[in-house]
Amino acid sequence: MDDAILVADNLNAGYGSLVIQHSLNFSIKKGEVFVIMGGSGCGKSTLLRHLIGLQAPLAGRVLFKGEDFWLRDADERANLQQHFGVLYQNGALWGGMTLRDNICLPLSTWRPELNKADLDELAAIKLALVGLSGCDELYPSELSGGMRKRAALARALALDPEVLFFDEPSAGLDPLSSLALDELILQLRDSLCATIILVTHELPSIYAVADTCLFLDNQTHTQIALGPVAQLLESGPEVVQRFLRRGDAVTHEVTK
Ligand SMILES: Nc1ncnc2c1ncn2[C@@H]1O[C@H](COP(=O)(O)OP(=O)(O)OP(=O)(O)O)[C@@H](O)[C@H]1O
């Protein structure tokens with residue numbers, strides 16, 4: 001458990017009295033790509049919100065580096081969340097701001113000691129990390145869908161997060177842009193030693209990037225599989241094997 005960065009300990013996920021998933025138990029290792037999968041509406045995004053610390057567990061705990069988020073007050077929680085970068089499905093950037101300003105905003109909020117030249121330089125570095133060197137002055141509306149995702153990722157990287165959360169990052173992307181995003185995710189894991197937590201339906205992405213997969217079941221409302229893709233393909237529950245082999249999935253190479 002020593003290398004665990006995030007742990008769900010008997011977590012019940014949901015809203016108010018509505019438990020969407022119960023008794024979740026898993027630990028996410030530092031530096032791994034952890035994929036949350038399952039059928040539509042099973043609670044993947046809900047679980048993500050609990051892991052990010054945006055929603056309190058209905059029961060159980062979420063631990064970040066061994067600490068229970070919800071034993072801290074709101075200010076302390078916000079400080080802990082600085083270690084997290086989040087890329088939401090729609091990649092929401094502020095449309096009225098250039099990419100540079102989009103990235104500088106979280107930086108200037110949390111690093112008030114930085115001057116304008118430092119901020120601009122950091123923004124340029126983050127854009128370079130996602131393959132958007134020289135795009136500092138562009139507005140989101142001037143970018144393609146794939147570029148917008150990358151720009152949103154650059155903003156999520158602004159504060160050098162230890163954990164990056166992605167909620168269906170490939171949504172709306174063509175297969176080539178989606179593949180490029182998968183490659184970027186692996187590059188970030190390797191170059192920044194970031195831990196990546198990814199919600200996705202996309203089998204090519206799952207096969208390409210996942211170190212560990214968690215499968216949330218729609219019927220039993222709990223996790224029914226946890227492990228590397230190859231292991232789940234070989235010995236996972238039937239419903240998980242079907243999920244992983246649907247369509248032309250069996251032709252994808254399992255790299256893990
Ligand atoms: N704010 C909310 N209040 C109450 N119920 C909610 C709320 N947000 C989502 N839900 C319900 O929680 C369940 C799980 O939703 P969630 O978005 O987490 O599933 P998902 O697995 O991410 O779905 P999808 O793959 O379709 O994006 C759904 O039944 C949804 O209607």
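As the structure lists them, so they are numbered: ligands from 1, and atoms in each ligand from 1. Keep in mind the model is a prediction, meaning the values are calculated, not measured.
Residue nearest to atom 13 (C) of ligand 1, selected from I20, L216, N218: I20 (by heavy-atom distance).
In terms of protein heavy-atom proximity, atom 9 (C) of ligand 1 is closest to Y15 OH, 3.5 Å. Regarding atom 19 (O) of ligand 1, its nearest protein heavy-atom neighbour is G43 N, 3.3 Å. Counting only heavy atoms of the protein, atom 17 (O) of ligand 1 lies nearest to S45 CB, 3.8 Å. The protein atom (non-hydrogen) at minimum distance from atom 14 (C) of ligand 1 is G41 O, 3.4 Å. Among protein heavy atoms, atom 25 (O) of ligand 1 sits closest to K44 NZ, 2.8 Å.
Annotation: E142, atom CD; neighbour count of heavy atoms from other residues, nucleotides and ligands within 6.0 Å is above 12.
There is a protein heavy atom closer than 4.0 angstrom to atom 6 (C) of ligand 1. Within a 4.0 Å radius of atom 27 (O) of ligand 1, the protein contributes one or more non-hydrogen atoms.
In terms of heavy-atom proximity, R189 sits nearest to D211 at NH1-OD2, 3.0 Å. In terms of heavy atoms, A152 sits closest to L87 at CB-CD1, 3.2 Å. Heavy atoms only, all atoms of each residue included: R61 and P57 are closest at CA-CG, 4.3 Å. Shown here for L159 and R111, the closest heavy-atom pair between the two residues is O-NH2, 3.6 Å.
Cation-pi contact between R246 and F243: present, with separation from the ring centre below 6.0 Å and deviation from the ring axis of at most 45°.
Within the 3.5 Å criterion, the main-chain N or O of H201 finds no donor-acceptor partner in the side chain of E168.
Heavy-atom proximity to H201, at under 4.0 Å, picks out these atoms of ligand 1: 25 (O). Which parts of ligand 1 touch E168 is read off a 4.0 Å heavy-atom cut-off, strictly below it: atoms 25 (O), 27 (O). Shown in contact with T46 at under 4.0 Å from a heavy atom are these atoms of ligand 1, numbered in order with element: 14 (C), 15 (O), 16 (P), 18 (O).
With respect to the salt-bridge test (charged N to carboxylate O, under 4.0 angstrom), the residues K126 and D136 do not qualify.
Between H83 and F64, the ring planes are tilted. Angles from 30° to 60° get that label.
Taking any N or O of L18, backbone or side chain, none lies under 3.5 Å from an N or O belonging to ligand 1.
Using a non-hydrogen distance threshold of 4.0 Å, G38 does not register as a contact of ligand 1.
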